[in-house]
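Take a look at the structure below.
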Amino acid sequence: MTAPTEPTAHGVRIAAQPGHATICIDGTPLPEGQVTGYTVQHSITDALPMLVLHTRQTDGVEWEGLARVAIGVPQDPADGIVAFLSSIDPDALARAALDRDLEPSKHSITRATLAQLIDWAQGRT
């Protein structure tokens, strides 16, 4: 068994407007109506852009080419939020919020508490 090789880069051109997009790969337009959506991802520091095409596979349509396939299970973002909030020490949160510069307003402690939670969620102390 041979190790997989990195796919070669292909030229991509997308002309898009609401309700319509023409996508050409290496100068060849994809069939009208076959692509139902697309996403472009790019990590500038370490990879070429990646184009993900969402296609409609009608009878008799074949697709050939290289592709990276990723299978994921959608997760409810509430699960992560609940896990994060469950890990918070209420005493530490109250101390950190009160150590902030509080505005003289009715909801300043609530604002400070929310700001502290945002900082912790972003990894700032």
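Side-chain atoms are counted along with the backbone in the values below, which use heavy atoms only and exclude waters and symmetry mates. Just so we're clear, the structure is a prediction, and the values are computed from it rather than from any experiment.
Residues Q116 and R100 are in side-chain contact: their nearest non-hydrogen atoms beyond the backbone lie under 4.5 Å apart. Under the 4.5 Å side-chain criterion, counting only non-hydrogen atoms from C-beta, R111 is in contact with S105.
With sequence neighbours left out, T36 forms a side-chain contact (heavy atoms from CB on, under 4.5 Å) with H54, R56.
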Compile the donor-acceptor pairs under 3.5 Å between side chains in residues 81-91 and protein atoms, sequence neighbours left out, one pair per line.
unit_1 : atom_1 : unit_2 : atom_2 : d
S86    : OG     : V82    : O      : 2.7
S87    : OG     : F84    : O      : 2.7
D89    : OD1    : D91    : N      : 3.0

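Other residues, nucleotides and ligands contribute over 12 non-hydrogen atoms within 6.0 Å of the CD atom of Q122. Counting heavy atoms of neighbouring residues, nucleotides and ligands inside a 6.0 Å radius, atom CD1 of I109 does not exceed 12 of them.
To the nearest 0.5 Å, atom NE2 of residue H10 and atom CG of residue L51 are 11.0 Å apart. Atoms CG and CG, on L114 and L93 in that order, are 9.0 Å from each other to the nearest 0.5 Å. For the atom pair OG1 (T113) and CD1 (I118), the distance works out to 11.0 Å, reported to the nearest 0.5 Å. Taking CG from L98 and OG from S108, the interatomic distance works out to 9.0 Å, rounded to the nearest 0.5 Å.
Considering every non-hydrogen atom in both L102 and A112, the closest pair reads CD2-CB, 3.4 Å. Among all heavy-atom pairs drawn from Y38 and L53, the shortest one is CB-CD2, 3.9 Å.
For D26 (side chain) and G11 (main-chain N/O), a donor-acceptor pair under 3.5 Å exists by modelled atom type.
The side-chain hydrogen bond (donor to acceptor under 3.5 Å, both in side chains) contacts involving residues 12-23 comprise H20-T22, where partners must be two or more places apart or lie in separate chains.
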